[in-house]
Every structure is written in structure tokens, then in C-alpha cells.
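One structure below.
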Amino acid sequence: MGFDLFSFIFIIFSWASLLSMKAEAEAEAEGIKSARLLDLLIRDYTVKSLDRDLRTGIVHTVTLPANFSGIKVDTVRFRCGSLHRYGAQVKEFHLGSGVIVQPCAERVMVVRQNLGYNWSSIYYANYDLSGYQLVSPILGLLAYNADSDLSYGSPFELGILAREKPIKIDFSNITKASNKTGNWPLCASFEGNGRVTLKKQVSPNVCVATKHGHFGLVMESPPPSLPVRKKISRWKLVVGSSVGAALGAFLLGLLLVAMFVKVKKKARMEELVRRAYEEEALQVSMVGHVRARTTPTI
């Protein structure tokens, strides 16, 4: 009996702990309004998911809480010297040889972000993109130190510079833009100081960059269209015109009848007045200079 009670209490505490963690994650996700804060949270979850025995150069998929659904994160460790000599391919990002990491830590943790269309709205809200709309998710490429004491503290951010060969970013598999109109999207680079730089693509759905950061494809927003009038079918137009014409003819007929009745009534009144005067004149006789009215004889 005591064992059953202990198990029950343990289960209750476990569920309470899970609910508390879920509520904390929900509050954390709902409170994210800054792109920088989102980067830091993704970094922390990436560090927690890393295996200390993870082989160098192997891409590792990071599992995020359910509240960050839509965000896809991958990470890979490199030796700083090897990354400089050989370059690397991390999902949509191709780093050519000669890439420089500053400062050059012994091991580098490269993090690739795909924020999806929902979370990409953070960049649309924090950067001035008036007149443009995103046609791809925001992709991020960041680097952190990955030394052996990584678990004892938060890693610091490193810089990635590509002076000899620019970093290529391929949006072909994630963009919803099409070239049916003949207009290709522009490459948008989101700087840390709140600036957005727009450049032309180097090839269809491929952009280049000289350093780490966040990138996306944008197109000019179409002007607001006027409301389109619905086309009326020909038979409806004919029926409507016929009904309108019949109604107009009916009203015109009523007007003519009313005018005719009025004229007729006026003429009848004039006739009655004339007859009254004539009858009165017949009943009057003149006696000398005195007008007298004769009395009818029975």
C-alpha cells in the first residue's frame, strides 16, 4: 500500500513538472518579439541537444519544443582550420574554401536556421520592408565556439567572413515565388543594426553573402487592386432591361391618363360654368332701365 501511494505521488509530481515546463515554454515562445532573442533561444536549445561525442563535419538536427513548431535547425561542428581550408555545405548554405572565422576558436559550431513562414514574420515586423513581401522563409547562418567546456557556459558568437569566395544561399527548395510574371525576387540581407540590404540574385533563387546573418527573398508588393465588378449574364441583362422598360411605360401611361383626366375635368367644369351663366341670362328680363327677375308662371 505504501509503495502504491509513493508511486502515485511520484506520478503526480512528474505531471506537475511537465505541465510547468510546458507552461514556461509557451510563455517563452509567446513573449518573443525580437529576432536577437530568438537567436539566443535557438542557440541554447542547440547546445542542450548536442552530444559531446558528435563527430566533426556531421550535420545534426536540433529538436526544438513544440511551441517553436515551424522552425528547423541544424548544426555541425568544424575545426576552424579545416573550415578555412575546405569550406563546407550546410543545407542551403555553401561556404567556399578560404572562409574566415573570427576569432578562430579550436572548434566551431555552425548553426543553420530555417524560421518558416510563421516565425519569419518577426523580421518583417522589426525591419522596414514597406513595399515588399517575403516569398521565402528567413534562413540564418550563425557560428559559436564549441570548445570542450561548452556545457559549463553559454557559447559566444563568432563571425564568418567570406572574402575570397562569397557564401552561396540556395532558396530553390523553399521559396514559393515563381517567375511567371518575368520578375525575379530580390535577395534581402538583414543586418544586426536593423538595416535591410537588397541585391539581385546571381542565378535563379540563389543569393550570395560575404558574412553570416539572416537572409530571405522578397518581391515588390502589388498595388491594391480595385474591386472587380461581377459580370452580368446576357439573359439577366435582357430580362432586367425588359422589366425596366415595361415599368417605365406603365408609369408613363399612368401619367398620361392622369393628365387626360385633369384636362377633361377642367373642360367639364368650364362647360358647366358656361351653361350656368346662359341659364341665368334666360331667366333675367330687362324692364326699362331696371333689371328684374321674372317669376316662373305655373
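- Within 6.0 Å of CD on Glu220 lie no more than 12 heavy atoms contributed by other residues, nucleotides or ligands.
- One finds the CG atom of Leu83 at 8.5 Å from the SG atom of Cys104 (value rounded to the nearest 0.5 Å).
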| message | Run the side chain to side chain contact (heavy atoms under 4.5 Å, CB included) test on Val90 and Ile167 for me, step by step, so that the C-alpha distance in whole Å, both residues' side-chain angles and the decisive distance to 0.1 Å come before the verdict. | response | CA-CA 11 Å; Val90 184; Ile167 302 170; over 6 Å; no
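- Sorted by first then second residue, the disulfide (SG to SG under 2.5 Å) pairs that include residues 188-220, not counting sequence neighbours, are Cys187-Cys207.
- For Asp170, the side-chain hydrogen bond (donor to acceptor under 3.5 Å, both in side chains) partners two or more places apart in sequence, or in a different chain, are Ser172.
- Applying the ring pair (Phe, Tyr, Trp, His ring centres under 6.0 Å) definition to pairs two or more places apart or across chains, those involving residues 194-215 are Tyr123-His214.
- Chaining together hydrophobic side chains whose heavy atoms lie under 4.5 Å apart places Leu255 alongside Met259.
- At a threshold of 4.5 Å between non-hydrogen side-chain atoms, the residues Gln201 and Val206 do not count as touching.
- Not a single side-chain hydrogen bond (donor to acceptor under 3.5 Å, both in side chains) links Lys199 to another residue, sequence neighbours left out.
- Taking the salt bridge (Lys or Arg N to Asp or Glu O under 4.0 Å) definition, one finds that Glu164 meets it with nothing, sequence neighbours left out.
- With sequence neighbours left out, Lys168 forms a salt bridge (Lys or Arg N to Asp or Glu O under 4.0 Å) with no residue at all.
- Going from atom CG of Leu40 over to atom CG of Asp44 covers 7.0 Å, rounded to the nearest 0.5 Å.
- Applying the side-chain hydrogen bond (donor to acceptor under 3.5 Å, both in side chains) test to His94 and every residue at least two apart in sequence or in another chain returns Gln89.
- Contact check for Phe93 versus Val110: no side-chain heavy atoms found under the 4.5 Å cut-off.
- With sequence neighbours excluded, the residues that form a salt bridge (Lys or Arg N to Asp or Glu O under 4.0 Å) with Arg36 are Glu157.
- By the 4.5 Å heavy-atom criterion applied to side chains, Leu139 and Ile174 are counted as neighbours.
- Environment of CG in Asn118: sparse, with no more than 12 heavy atoms of neighbouring residues, nucleotides or ligands closer than 6.0 Å.
- Contacts classified as salt bridge (Lys or Arg N to Asp or Glu O under 4.0 Å) and involving residues 112-126 (residues at least two apart or in different chains) are given here: Asp74-Arg112, Glu92-Arg112.
- Counting heavy atoms of neighbouring residues, nucleotides and ligands inside a 6.0 Å radius, atom OH of Tyr86 does not exceed 12 of them.
- Scanning for side-chain hydrogen bond (donor to acceptor under 3.5 Å, both in side chains) contacts around Ser242 gives an empty result, with sequence neighbours left out.
- Evaluation of the side chain to side chain contact (heavy atoms under 4.5 Å, CB included) rule for Ser136 yields Phe171, Thr175, Leu217 as partners, not counting sequence neighbours.
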